[in-house]
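Letters A, B, ... mirror the listed sequences (proteins, then strands); counts begin at 1.
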Amino acid sequence: MPGPAEPVTTPSTPSPFVPGSAAGRDLLRGLNVAQQEAVTTTEGPVIVVAGPGSGKTRVLTNRIAFLVQEGRVTADGILAVTFTNKAAREMRGRIVHLLGEDAVRGLTMGTFHALGVRILRENPGLVADRLGLLPNFLIYDGADQIDTVKRAITAIGQDPKQVVPRRMLSRISAAKSLLLSPSEFAAAGETYDDEVVARVYVKYQSLLQAANAVDFDDLLGLPIRLFDEAPGTLARYLQRYRYILVDEYQDTNRVQYVLISALASHWRNLFVVGDPDQSIYGWRQADIRNILDFQAEFPGAKRIDLEVNYRSTRRIVDVADRVIRENTQRLDRSLRTDNAEGEPVTLRELADGGHEAQFVVGEIRRLLRDPKLTGNDVAVMYRTTAQSRLLEQEFRREGLPYRVVGGVRFYERKEVKDILAIFRLLHNPADTISVERAIDALPIGRGLGPKALDAVREWAAARGTTLTAGFIDLARPVAVDSARPALAGTGKGAAERFGAVLGQLMDLSGSVSLPELFDAIVEQTGYRSSLNLDSEEEMQRWANLIELRSDLERYESVSPENALGQYLENTALVADVDSLPDEDGGLVTLITLHSAKGLEYPVVFIVGVEDGLLPISRAVEMEWDNPLALEEERRLFYVGITRARTLLYLTHAATRQVYGRYQPGVPSRFLAAIPASDLNALSRATRHGSRDRDRLSDRVRGTSNVTPFPTPARADPVAPRVTYAAGQHVFHAKFGEGQITGVDDRRDDQEIVVDFKRHGSKRLMASFSPLEILPPGT
DNA sequence: AAGAGATTTATTTTT
DNA sequence: TAAATCTCTT
């Protein structure tokens with residue numbers, strides 16, 4: 001069994017890009033000609049089209065180091081934009097390693113959104129004055145946005161059940177990505193639907209404004225507005241950032257383009273790296289034209305292609321290339337590698353999702369017997385977050401340690417959001433959403449129903465205070481004025497209790513440390529005592545909150561009045577991948593294909609390679625009017641394939657449960673492009689896929705040349721797990737078609753009885769039999 | 001206002 | 001299937 005791929009050293013060709021300093025020359029060591037050119041072409045716009053595994057991160061880091069080393073600029077004159085915070089952290093680390101801590105000081109490196117907040121935070125006066133945002137503004141995450149949209153829909157007199165909030169939000173987000181204000185959007189609307197969206201958008205924006213909050217899109221759009229309203233601001237940034245670098249440029253959208261080209265407009269030293277074939281965020285308005293039209297937008301721009309893959313085996317590169325070649329929307333470019341051929345890609349069909357999970361876990365078990373390999377080296381990737389459930393179950397059942405990346409972020413877990421709601425309203429009392437959340441979710445809100453809430457809301461509005469302040473004042477022994485809200489009975493007591501707690505916590509915040517504030521919150525809201533510690537689920541919740549608390553301890557060095565704001569900012573902008581440590585106790589990574597972008601693993605499993613899942617059914621349905629949707633799905637598959645260094649497994653299931661119903665699973669159409677010679681297949685896909693001669697001949701050779709695993713099964717007691725079930729139709733290399741009539745589970749294997757059409761009933765050991773599962777009804 | 005019980009709805013992907 | 005939402009009762 002091959003271990004992780006050996007690091008590949010590039011042949012060092014004499015370079016035409018010889019820098020002045022010896023140190024600068026060091027930064028070019030081990031780079032190929034194209035990479036060197038990318039590092040040393042410091043002036044003017046440059047676009048680097050970088051295939052997967054072509055060393056673009058190295059190019060980016062070495063280029064930044066090179067700029068500083070050659071004395072073109074000090075680090076504070078450089079702006080580098082990455083796709084995730086994790087990527088930013090890692091690149092910074094590598095540059096520190098190259099140049100030392102001092103030389104890197106002042107370097108601006110982070111995501112677009114982090115850059116946006118930074119600009120807004122650096123100009124509190126103008127932001128308040130021109131944009132109407134107070135310095136304690138909050139960043140709303142996805143769930144907050146949905147809540148806000150729902151309220152907006154209700155507010156304009158529509159029913160959130162008919163006007164789907166999700167869809168409204170994505171329309172609004174799309175509008176913002178095109179820099180359309182609510183009024184501009186309204187003016188451009190054509191259909192009745194557009195009109196509804198426009199009205200929701202208007203309301204949504206005013207709710208955000210009232211809550212002194214911004215959403216993710218605003219973080220990009222507002223800096224641009226700030227530049228428009230106060231041109232001096234832009235001038236300061238123009239002066240500061242002489243060199244700008246952008247990673248993952250294929251996934252930028254219109255606003256990001258506008259923002260970055262504004263910032264680059266003076267020096268024009270804009271260096272972007274991307275790969276149109278890895279553009280997978282079209283649904284987030286990423287515009288592939290940004291990369292395709294770069295040279296037209298920035299005349300004189302130089303294009304450099306990185307086409308040599310140093311990451312994967314030749315077979316993996318070949319499979320990836322065959323798959324992506326089916327797309328029409330792409331730059332003409334190839335991907336090649338000098339790496340070893342490697343093992344064939346394993347393609348496996350399993351009976352259903354459960355068996356798929358068993359196969360994956362069993363196979364990982366087997367691979368991990370190689371001491372050179374640890375769980376860290378293995379990733380299981382899937383299209384939808386829901387697919388992780390079955391896998392997790394199986395990992396747990398088998399006691400194999402894992403971690404899940406993508407899907408619900410830590411800070412979006414219910415219990416975390418519930419407690420954070422208090423933190424948030426303490427920091428920004430205008431955040432009505434958080435007040436309501438706290439009332440709904442925490443014990444302190446018991447007895448405080450919609451009626452009482454409305455009464456306090458009206459009272460606060462009449463007095464011109466926030467809802468939060470309303471509650472707090474309500475609980476004060478001496479009424480601020482004689483008019484009291486129309487409260488009675490249960491509601492009255494509950495509202496006063498709630499207000500009293502908020503008041504006490506408000507007094508604490510800003511004077512005590514965050515962990516202390518946390519303790520006070522879980523105590524006084526009654527959350528702590530409401531936990532049933534016998535329930536495993538609630539224990540897990542509490543464990544998450546303890547994690548949150550230890551998070552807070554990191555802010556103890558920050559002054560109490562700033563700590564809360566800083567903390568909340570960090571919770572808003574971290575992605576799940578950001579907290580992914582490189583080495584962590586041998587945990588296998590379960591990750592969505594989207595989150596896997598930019599990562600690499602020696603061993604990769606891609607599960608659910610089925611029509612309806614990959615490509616996702618939505619894209620398949622859209623096919624007739626938007627074939628491009630399918631191309632994005634194919635790119636997603638391509639991204640997954642190219643994450644693998646040494647071993648790649650693709651699996652799909654014959655049947656899969658969707659909404660609790662079994663549905664037949666059809667092998668992904670994308671598989672048809674993969675030549676059989678690169679495959680080690682036990683799957684229908686190779687038969688139905690294509691009429692290609694190569695693949696047909698493979699079919700004629702039958703399944704006898706096919707082994708279920710790269711290593712012999714007989715020496716392996718773990719290999720085949722329960723895979724077959726009575727009633728399934730199977731195909732045997734020697735005996736032909738038949739139906740399973742009986743299954744006996746053995747320790748690590750199955751003994752099955754098959755009634756063959758032509759050879760009658762046979763008793764077989766599953767692991768030794770070249771069997772293929774046929775679709776039901778064959 | 002809260003909880004039990006019925007029902008209905010949903011799966012892309014994320015900063 | 002499981003989570004979210006609705007309805008009805010107390």
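For the C1' atom pair drawn from B:dT11 and C:dC6, the interatomic distance equals 22 Å after rounding to whole Å.
Residues passing the ring-ring contact (aromatic ring centres under 6.0 Å, His included) test with A:F605 are A:Y649, sequence neighbours excluded. A:S279 pairs by the side chain to side chain donor-acceptor pair (under 3.5 Å) definition with nothing, not counting sequence neighbours. With sequence neighbours excluded, the residues satisfying salt bridge (Lys or Arg N to Asp or Glu O under 4.0 Å) with A:D287 are A:R289. Under the rule for a side chain to side chain donor-acceptor pair (under 3.5 Å), the partners of A:S181 that lie at least two apart in sequence or sit in another chain are A:S183, A:E184. Shown here are the side chain to side chain donor-acceptor pair (under 3.5 Å) partners of A:D275, two or more places apart in sequence or in another chain: A:Q278, A:R333. Applying the side chain to side chain donor-acceptor pair (under 3.5 Å) test to A:N85 and every residue at least two apart in sequence or in another chain returns A:D578.
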Below 3.5 Å is the cut-off: list the nitrogen or oxygen pairs between protein and nucleotides 2-9 of chain B, distance only.
residue	atom	partner	partner atom	Å
B:dA2	OP1	A:G447	N	2.2

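At the heavy-atom level, A:T490 lies nowhere under 4.0 Å from the strands shown. In this structure, A:K150 reaches the sugar-phosphate backbone alone: every heavy-atom distance under 4.0 Å involves primed, P, OP1 or OP2 atoms, never a base. Within the 4.0 angstrom heavy-atom criterion, base atoms lie near A:A386. Within 4.0 Å of A:Y281, counting heavy atoms only, lie sugar-phosphate atoms of the nucleic acid but no base atom. No contact: A:R635 has no heavy atom under 4.0 Å from any strand.
In this structure, CD of A:Q250 is placed 16 Å from P of B:dT14, rounded to the nearest angstrom. Distance CG (A:D144) to C1' (B:dT15): 14 Å, rounded to an integer number of Å. As rounded to whole Å, 14 Å separates atom C1' of B:dA10 from atom CD1 of A:I146. Atoms NZ (A:K597) and C1' (B:dT15) sit 11 Å apart, rounded to a whole Å. Atom CD in A:E632 sits roughly 12 Å away from atom C1' in B:dT14 (whole-Å rounding). Rounded to an integer number of Å, the gap from A:Y638 OH to B:dT13 P is 24 Å. Put simply, CZ on A:R166 is 9 Å from P on B:dT13, counting in whole angstrom units. Rounding to whole angstrom units, CZ of residue A:R618 and P of B:dT11 are separated by 8 Å.
The pair A:K414-A:D418 meets the salt-bridge criterion, since a charged nitrogen lies less than 4.0 angstrom from a carboxylate oxygen. A salt bridge links A:E569 with A:R121: at least one charged nitrogen is closer than 4.0 Å to a carboxylate oxygen. With respect to A:K56 and A:E248, a salt bridge is recorded, a charged nitrogen being found less than 4.0 Å from a carboxylate O. By the 4.0 Å N-to-carboxylate-O rule, A:E394 lies close enough to A:R397 to be salt-bridged with it. Ion pairing of A:D144 with A:R437 is absent here, as no side-chain N (NZ or NE/NH1/NH2) approaches a carboxylate O to less than 4.0 Å. A:R635 has a carboxylate O that lies under 4.0 Å from a charged side-chain N of A:E632, or vice versa, which qualifies the two as a salt bridge.
For residues 651-668 of chain A, the salt bridge (Lys or Arg N to Asp or Glu O under 4.0 Å) pairs, not counting sequence neighbours, are A:E356-A:R656, A:E610-A:R656.
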Exercise answer: donor-acceptor pairs, residues 451-458 of chain A side-chain atoms, under 3.5 Å, sequence neighbours excluded:
residue	atom	partner	partner atom	Å
A:D454	OD1	A:R457	NE	3.4
A:D454	OD1	A:R457	NH2	3.4
A:R457	NH1	A:E436	OE2	3.0

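Here the nucleotide nearest the side chain of A:K451, chosen from B:dA1, B:dT11, B:dT15, is B:dA1. In the set B:dT15, B:dA1, B:dT13, B:dA1 carries the atom at the smallest distance from any side-chain atom of A:P450.
Proximity of A:S595 to the phosphate of B:dT14: a side-chain N or O atom is located under 4.0 Å from OP1 or OP2. Note on A:T385: every side-chain N or O is 4.0 Å or more away from OP1 and OP2 of B:dT11.
A heavy atom lying under 4.0 Å from DNA chain B marks none of the residues of residues 254-264 of chain A.
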Let's test your reading of the pairing rules: Watson-Crick or G-U wobble, both distances under 3.5 Å, then write DNA chain B as a dot-bracket string with ( ), [ ], | and dots. ||||||||||.....

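Toward the 5' end of DNA chain B, the nearer of the two residues A:L573 and A:A452, judged by each one's closest nucleotide, is A:A452. Where A:R284 and A:V658 meet DNA chain B, the nucleotide closest to each residue was compared, and A:V658 sits on the side nearer the 5' end.
In this structure, A:K597 is positioned above the aromatic face of A:F83, its NZ or CZ under 6.0 Å from the six-membered ring centre and within 45° of the axis.
For DNA chain C, the outermost nucleotides in 5' to 3' order that have an atom under 4.0 Å from a heavy atom of chain A are C:dT1 to C:dC6.
Stacking here means ring centres nearer than 5.5 Å and ring planes tilted less than 30 degrees, and by that measure A:F112 does not stack onto B:dT15.
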